[in-house]
Amino acid sequence: KLMALTATVRKVALNISDIDRGYYAEHHLTYAQHPSETDERLMVRIAAFALLADERLLAGAGLSNEDEPDLWKHDYSGQIETWLDLGQPDPARIRKACNRAAHVVVVNYGDQSAEVWWEKNRSALMRHDNLTVIGFDAATVAALGQRIARSMRFDVLIQDGEMQLIGGDAQFDPLTLIPVWRKREA
């Protein structure tokens with residue numbers, strides 16, 4: 001008899017000091033890590049939340065529903081303000097997101113494949129005025145993935161285009177947040 005794999009519940013507390021945006025808040029999040037989601041991907045999702053933190057920023061269905069992003073924020077009328085995808089999404093998906101949302105962010109991470117994806121899709125993606133592509137350093141992402149736990153707490157400092165995550169006894173190398181590409185200023 002086959003048993004269905006279940007999601008792993010992760011509790012995360014983020015104490016965010018975003019000096020670049022003037023945003024200071026604590027967020028308590030609960031993530032259901034799908035069995036096919038790597039620890040690194042979940043940790044990038046957490047870092048992406050910290051980057052765009054807002055009381056209306058919510059997790060989408062992610063891997064379970066292709067019509068929803070990893071994170072999104074709606075305005076008070078229900079329109080999508082921000083759409084965030086992780087990894088190397090198909091350019092058609094990004095085009096569709098850019099037509100639905102005021103601002104689309106892609107957090108591209110990984111090894112050589114992240115650079116290959118960007119080089120392959122750069123010209124198609126650069127047509128979108130409301131798109132920002134950010135790259136995360138593969139070594140730091142790998143280090144974050146090794147620190148995953150069922151319950152986590154991070155102090156997050158964002159300043160001058162860098163994000164510093166400090167959790168327990170671990171202080172990670174800063175994630176450089178300077179966009180790989182952005183057509184318009186946010």
Side-chain angles (χ1 to χ4, degrees), residues 8-33 37-60 62 69-75 80-89 101-111 114-115 117-118 130-186:
T8 302
V9 176
R10 309 281 186 183
K11 302 262 185 193
V12 183
L14 297 173
N15 183 11
I16 300 169
S17 298
D18 186 339
I19 296 167
D20 291 351
R21 290 191 303 143
Y23 182 83
Y24 306 90
E26 182 150 330
H27 291 270
H28 296 273
L29 310 169
T30 302
Y31 284 102
Q33 184 180 5
E37 182 174 31
T38 66
D39 292 346
E40 291 80 7
R41 187 179 190 286
L42 179 70
M43 294 300 282
V44 169
R45 249 201 308 161
I46 292 167
F49 182 94
L51 174 63
L52 299 175
D54 184 277
E55 64 275 356
R56 290 183 287 124
L57 185 64
L58 300 171
D70 292 293
L71 295 169
W72 56 359
K73 180 173 80 171
H74 293 81
D75 66 16
I80 302 170
E81 279 184 17
T82 305
W83 175 292
L84 183 136
D85 271 338
L86 301 176
Q88 294 94 39
H103 186 214
V104 175
V105 179
V106 174
V107 176
N108 184 10
Y109 68 96
D111 52 15
E115 292 176 35
W117 174 85
W118 173 245
N130 58 338
L131 174 66
T132 300
V133 178
I134 298 170
F136 279 1
D137 174 74
T140 302
V141 171
L144 284 170
Q146 292 174 358
R147 301 296 300 186
I148 199 161
R150 289 196 183 268
S151 179
M152 299 174 276
R153 177 171 186 77
F154 294 102
D155 291 316
V156 182
L157 173 64
I158 301 172
Q159 182 176 12
D160 299 329
E162 287 190 342
M163 176 189 295
Q164 183 70 53
L165 291 164
I166 303 163
D169 61 346
Q171 181 170 335
F172 301 98
D173 290 339
L175 290 167
T176 300
L177 302 176
I178 297 182
V180 172
W181 182 82
R182 175 173 52 197
K183 190 166 189 175
R184 68 169 177 85
E185 291 301 315

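What you see is a predicted model, and the numbers here were worked out from it, not measured in a lab.
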Residues forming a side-chain hydrogen bond (donor to acceptor under 3.5 Å, both in side chains) with Q33, sequence neighbours excluded: R10, D39
Atom pair OG1/NE2 of T82 and H103 - distance to nearest 0.5 Å: 7.0 Å
From CZ (R41) to CG (L86), nearest 0.5 Å: 5.0 Å
Nearest-0.5 Å distance that lies between atom CD1 in I19 and atom CD in Q159: 4.0 Å
M43 side chain reached by F154 side chain, heavy atoms, under 4.5 Å: yes
For the student: nearest non-hydrogen atoms of D20 and G161, plus distance: OD2-N, 3.0 Å
Contacts of type side-chain contact (heavy atoms from CB on, under 4.5 Å), residue N15, not counting sequence neighbours: E26, R153, D155
Rounded distance (nearest 0.5 Å) linking atom CD1 of I148 with atom CD of Q146: 11.5 Å
Which pairs of donor and acceptor atoms, one on a side chain in residues 45-54, lie under 3.5 Å apart (sequence neighbours left out)?
| from | atom 1 | to | atom 2 | distance (Å) |
| --- | --- | --- | --- | --- |
| R45 | NE | E37 | OE2 | 3.0 |
| R45 | NH2 | E37 | OE1 | 2.8 |
| R45 | NH2 | E37 | OE2 | 3.3 |
| D54 | OD1 | R56 | N | 2.8 |

Euclidean distance, L165 CG relative to T140 OG1, rounded to 0.5 Å: 9.5 Å
Residues forming a side-chain contact (heavy atoms from CB on, under 4.5 Å) with I80, sequence neighbours excluded: W72, H74, W83, R100, A101
Test side-chain contact (heavy atoms from CB on, under 4.5 Å) applied to A25 - qualifying residues, sequence neighbours left out: Y23, H27
Closest non-hydrogen atom pair between P89 and V106, with its separation: CD-CG1, 3.8 Å
Over all atoms of both residues, closest heavy-atom pair of A138 and G110: CB-O, 3.0 Å
Close side-chain approach of L144 to Y109, heavy-atom, < 4.5 Å: no
Contact summary for L71 and Y31, nearest pair of heavy atoms: CD2-OH, 4.3 Å
Beyond-backbone contact of N108 with Q88, side-chain heavy atoms, under 4.5 angstrom: yes
Side-chain touch T30/V9, heavy atoms, less than 4.5 angstrom: yes
